[in-house]
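Following: one structure in structure tokens, then a few remarks.
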Amino acid sequence: MRTTMKKMTCRALVVSLLALSFQTAHAGMIGADQAAAGSASADRGLVMSVLDRTETTLRLQQQGIDPAQARARVAAMTDQEVQALAQDMQSAPAGAGLSTGGWLAVVLVAGLVWYFAFRK
């Protein structure tokens, strides 16, 4: 029983090492203006992606706000304002626990651990 668990663990580690080891990194120098522009566009993309979610649009409509008008206002914001908003969004606590898929994954993993660890 322990040897099969060890074999499965070793196989999983070998597969993960082989699958994850083929990534390469490229380093290079960039200017401060390029770094700031990339950060601003990433922050603006984060805010816009939140506005594109169906839950967000439904919540905005419930409060009487047109989602298209909210997107237009975000597009009109300065980079500093968008950066501050994105930082607030990233530091805010998450609103929900595990989704149904998350609970299903936890139960599946617990069942597999029980099956292989306590099987006689």
Residues 56-66 side chain polar contacts: donor-acceptor under 3.5 Å, at least two apart:
{"unit_1": "T56", "atom_1": "OG1", "unit_2": "V50", "atom_2": "O", "d": "2.9"}
{"unit_1": "T57", "atom_1": "OG1", "unit_2": "R53", "atom_2": "O", "d": "3.3"}
{"unit_1": "T57", "atom_1": "OG1", "unit_2": "T54", "atom_2": "O", "d": "2.8"}

**Item:** Shared-cluster residues of V109, by chain and number - hydrophobic side chains joined below 4.5 Å
**Value:** V113
**Prompt:** What distance do T78 atom OG1 and R44 atom CZ have between them, rounded to the nearest 0.5 Å?
**Reply:** 8.0 Å
**Message:** Just so I know, are the side chains of V74 and M77 near enough to count as touching, which here means a heavy-atom distance under 4.5 Å?
**Reply:** yes
**Request:** Using a 4.5 Å cut-off on heavy atoms from C-beta on, say whether the side chain of D43 contacts that of Q87.
**Result:** no
**Request:** State yes or no: do L13 and L112 share one hydrophobic cluster built from I, L, V, M, F, W and Y residues joined by side-chain heavy-atom distances below 4.5 Å, directly or via other members?
**Result:** no
